[in-house]
Chemist: 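So that we are looking at the same thing, I have put the structure below in structure tokens.
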Amino acid sequence: MTEKIRVRFAPSPTGFLHIGGARTALFNYLYARHNSGSFVLRIEDTDRSRSTDEYIEAIIEGMKWLGLDWDAGPFRQTDRFDIYRKYVDRLIQEGRAYYCYCSAEELEERRRLALATGKMPKYDGRCRNLKAPVPGEIPAVRFKMPQEGQTIVDDLIRGMVVFDNSQLDDFIIMRSDGTPTYNFTVVVDDVDMRITHIVRGDDHLNNTPKQIHIYKALGYEIPKFAHLPMILGSDKTRLSKRHGATSVMAYYEMGYLPDALVNYLVRLGWSYGDQEVFSREELIKHFSFEHVGKAAAVFNPEKLLWLNGQYIIHSSSEKLTELVMPFLVKEEIIKEDQFLDKAWLCKAIDTLKERSKTLVELAKSLRYYIAEEIEYNEKAKEKFLNAKSRDLLIELKDSLFSISDLSHQELEKVFKMIVEKHNVKLKDLAQPVRVAITGVTESPGIFEVLEIVGKEKTMRRLEKAIKVIG
RNA sequence: GGUCCCAUCGUCUAGAGGCCCAGGACAUAGCCCUCUCAAGGCUAAGACACGGGUUCGAAUCCCGUUGGGACUACCA
């Protein structure tokens, strides 16, 4: 019986949940679910000057929206300072850590000097063997790093990565203000929370040997590591605001479905043969680190948009009806508390979902079904609402007058009749009608549109179009 | 600068020595379908960064070069 797998996502609340963080969270989540393990959420907020409660809420909101449910937490490091203190004291007592009285300014100065003279900016260890405290200075605590030999990181994605210990320096584990630092807290927490697999971004690979030595000094087993490749922007630099939206919730605002984003994100670095579209169950079933690539990936908004379109097409119209409501309000197509016949709206969405790539697009297209009045696109009006179409529109209006129910079948009959009588093509009638009813030149099939718009609005809009032509 | 990581179409990727004069997907172009726009179908163009090895045989293994990235904080 092997030990149960436990993974964690440990964001620092210095910003919203972004695309890169979301993918790290996703891979952790998938690995946990695939192995029936558990997934811990931990907030790394030891940098008090940059962390805020708003960001913690935002990260949780993003995780929930994506459906990345966790099993324990969220834990906050700021609630755990006494625990870190205990471990620091232990390391000092055992001679694995020591007080350092060098001031931040001195350190900075030495670092600048080393860099300027082309030397490695490494702490020189001058406080390592201090016998007595330096008066007037409040010390930080440094970890005593071995200076010889090698440290090997055995990574599930990268394989064996070897570091020379001579490259590592005695890093600070507790600041002079008594707060612990990242490379220390991360180990203490991962030990304390019995994390078995550390799945995180590539940018942490170089920190790993430092952390391994903390594990060793504390006498704990070293977990497995999996360092994920980074996500880049279109210019192959680290993804940032310059490349467009990076906050996960911005994609909610733009009308993306969480499952589409998840599906897109998982394919950035992971693959399963040639398959592109996965259900959540398939993702959990097939996920493994063996199929995670090593190279950084460029975030491609076009493919995400395509995937979102696929998810919309394959979503039930009932579900889309619910999802689109907030967007109808935001686009001011309906009022907050306005009544809408859901069954009717569902039929309208049936006609629109294969031409909408986002919920925002879907909401906007719904306008001509829902609104009382429509506005004409100028070009469309000029091209199709003119003397040439006038008689056809009048004829249609008159023909529809006697029909009580505008069904697809009835409409088709009437259109055919008029077209034959006037010896024109169907499109010569369909396009003017389309503009008269929707205001634009693209829409679902004209018979479906009229059926859903209904007789009353259809008649009114036809009359208005005829009047406009004059 | 030092250390570490990475390298297949524009982009995401398949590929674990012969199945590959390299497959799929997005995007692009053309055609079909068609009342418009989509969706869908078909087709086209498009890549193993470079140079050395190893091997009967290399996209796949090794070395180097080049190019990208990360880390190098009393940030995480």
Side-chain angles (χ1 to χ4, degrees), chain A residues 10-14 44-47 49-51 77 100 102-104 107-108 111 114-123 139-142 153 155 157-158 161-164 166-169 171-177 179-183 185-186 201-209 227 229-230 232 234 236-238 264 267-277 290-291 293-307 309-310 313 352-357 365 380 384 412 415 419 425-431 433-435 438 440-447:
Chain A
S12 74
T14 54
E44 309 224 324
D45 56 350
T46 55
D47 183 355
S49 62
R50 295 199 304 151
S51 302
Q77 293 188 318
C100 173
C102 303
S103 72
L107 256 15
E108 179 55 32
R111 222 173 70 84
L115 244 24
T117 53
K119 290 201 196 113
M120 188 170 47
K122 188 176 146 177
Y123 178 66
V141 178
R142 282 186 190 271
V153 178
D155 193 277
I157 295 169
R158 319 261 146 196
V161 184
V162 183
F163 295 85
D164 276 332
S166 61
Q167 295 296 321
L168 275 23
D169 68 351
F171 64 100
I172 287 175
I173 57 177
M174 190 149 71
R175 301 179 185 96
S176 46
D177 67 0
T179 59
T181 61
Y182 167 73
N183 278 305
T185 57
V186 75
D202 218 351
D203 45 340
H204 290 283
L205 185 56
N206 284 304
N207 287 322
T208 309
H227 286 98
M230 304 268 87
L232 273 23
S234 51
K236 302 228 178 195
T237 63
R238 204 185 180 124
Y264 178 72
R267 285 284 293 102
L268 236 40
W270 177 81
S271 62
Y272 185 72
D274 285 336
Q275 191 170 343
E276 293 287 349
V277 182
E290 272 147 63
H291 292 280
K294 298 177 182 185
V298 174
F299 184 81
N300 180 216
E302 266 108 46
K303 189 161 181 181
L304 170 58
L305 188 61
W306 168 77
L307 248 183
Q310 290 296 309
I313 288 173
L352 247 22
K353 63 185 186 183
E354 70 183 22
R355 18 200 138 223
S356 308
K357 295 242 197 289
S365 308
F384 293 107
E412 196 162 351
F415 271 64
V419 163
K425 297 241 174 73
L426 179 56
K427 67 172 165 186
D428 296 325
L429 174 59
Q431 278 304 74
V433 174
R434 178 166 279 119
V435 175
T438 70
V440 292
T441 54
E442 322 85 46
S443 84
I446 195 65
F447 307 131

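Order of the sequence lines sets the chain letters (A, B, ...), proteins ahead of strands, with each chain counted from 1. All figures in this text were calculated on a predicted structure; none of them were measured in a lab.
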Chemist: Provide the Watson-Crick or G-U wobble partner of B:rG1, both distances under 3.5 Å; none if there is no partner.
Modeler: B:rU72
Chemist: Whole-Å distance between B:rU11 P and A:Trp306 CH2?
Modeler: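 After rounding, the gap between these two atoms is 19 Å.
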Chemist: Taking any strand in view, what nucleotide pairs with B:rG46 in a Watson-Crick or G-U wobble way, both distances under 3.5 Å?
Modeler: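 None - no nucleotide pairs with B:rG46, as no candidate has both distances under 3.5 Å.
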Chemist: So if I take every side-chain heavy atom of A:Ser443 and compare against B:rU36, B:rC6, B:rC12, which nucleotide ends up nearest?
Modeler: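 Output: B:rU36.
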Chemist: Please tell me which of the listed nucleotides, B:rU11, B:rG69, B:rC35, lies nearest to the side chain of A:Met230?
Modeler: B:rG69
Chemist: Taking a pair as Watson-Crick or G-U wobble with both distances under 3.5 Å, which nucleotide is matched to B:rG18?
Modeler: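 Across all strands, the one nucleotide that pairs with B:rG18 is B:rC56.
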Chemist: Should the heavy atoms of other residues, nucleotides or ligands under 6.0 Å from OH of A:Tyr123 be counted, would the total exceed 12?
Modeler: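 Counting other residues, nucleotides and ligands, OH of A:Tyr123 exceeds 12 neighbours.
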Chemist: Tell me: CD1 of A:Ile172 to P of B:rA73, nearest whole Å?
Modeler: 10 Å
Chemist: What's A:Thr46 touching, base or sugar-phosphate or nothing? Going by heavy atoms closer than 4.0 Å.
Modeler: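 A:Thr46: backbone/sugar contact only, no base atoms under 4.0 Å.
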Chemist: Does the structure show a Watson-Crick or G-U wobble partner for B:rA39, both distances under 3.5 Å? Name it, or say none.
Modeler: none
Chemist: Using the C1' atom in both, what is the distance from B:rG52 to B:rA47, to the nearest Å?
Modeler: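 Going atom to atom, C1' in each nucleotide, I get 22 Å.
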Chemist: If you assign each of A:Ala10 and A:Ser356 to its closest nucleotide in RNA chain B, which residue comes earlier from the 5' end?
Modeler: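 It is A:Ser356, whose closest nucleotide lies nearer the 5' terminus.
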Chemist: Determine whether a donor-acceptor pair (N or O, by modelled atom type, separation under 3.5 Å) exists between the side chain of A:Thr185 and the backbone of A:Tyr182.
Modeler: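 Side chain of A:Thr185 to backbone of A:Tyr182, a donor-acceptor pair under 3.5 Å: yes, one is there.
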Chemist: Please report the distance, rounded to the nearest Å, between CG in A:Leu168 and P in B:rU72.
Modeler: 12 Å
Chemist: Think A:Arg434 has a side-chain N or O under 4.0 angstrom from the OP1 or OP2 of B:rC37?
Modeler: no
Chemist: Send over the distance from A:Glu276 CD to B:rA14 P, rounded to a whole Å.
Modeler: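 Roughly 11 Å, once rounded to whole Å.
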Chemist: When the distance from CD of A:Glu442 to P of B:rC37 is rounded to whole Å, what number comes out?
Modeler: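 The answer, rounded to whole Å, is 8 Å.
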Chemist: Below 4.0 angstrom from OP1 or OP2 of B:rU11, is there any side-chain N or O of A:Lys236?
Modeler: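 Checking B:rU11 against A:Lys236, a side-chain N or O does come within under 4.0 Å of OP1 or OP2.
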Chemist: Which part of the nucleic acid does A:Lys303 contact within heavy-atom distance under 4.0 Å: base, sugar-phosphate only, or nothing?
Modeler: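 The answer is base, as A:Lys303 lies within the cut-off (heavy atoms under 4.0 Å) of a base atom.
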Chemist: Does B:rC9 pair with anything, Watson-Crick or G-U wobble, both distances under 3.5 Å, and if so, with which nucleotide?
Modeler: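 For B:rC9, the partner nucleotide comes out as none, under the 3.5 Å rule.
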Chemist: Using Watson-Crick or G-U wobble geometry with both distances below 3.5 Å, tell me the partner of B:rG51, or none.
Modeler: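 Looking at the geometry, B:rG51 pairs with B:rC63.
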Chemist: Rounded to whole angstrom, note down the P distance from B:rC42 over to B:rC4.
Modeler: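 Here B:rC42 and B:rC4 have their P atoms 49 Å from each other.
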Chemist: Just the rounded figure in Å: distance from C1' of B:rC6 to CG of A:Asn206.
Modeler: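 In whole Å, B:rC6 C1' and A:Asn206 CG are 13 Å from each other.
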Chemist: Give me the ring orientation class for A:Tyr272 and A:His291: parallel if the planes are under 30° apart, tilted from 30 to 60°, perpendicular past 60°.
Modeler: perpendicular
Chemist: Taking B:rA59 as the reference, what is the distance to B:rG51 when you measure between their C1' atoms (whole Å, please)?
Modeler: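 Result for the C1' pair: 16 Å, nearest Å.
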Chemist: Taking a pair as Watson-Crick or G-U wobble with both distances under 3.5 Å, which nucleotide is matched to B:rU34?
Modeler: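 When the pairing criteria are applied, nothing turns out to pair with B:rU34, so the answer is none.
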Chemist: By nearest nucleotide on RNA chain B, pick out whichever of A:Gln310 and A:Gly273 is the more 5' one.
Modeler: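 Looking at the nearest nucleotide for each, A:Gly273 comes out on the 5' side.
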Chemist: Looking only at atom types and distance, does a side-chain atom of A:Thr438 sit under 3.5 Å from a main-chain N or O of A:Val440, one as donor and one as acceptor?
Modeler: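 Judged by distance alone, yes, a pair lies under 3.5 Å.
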Chemist: Rounded to whole Å, please give me the gap between NZ in A:Lys122 and C1' in B:rC71.
Modeler: 15 Å
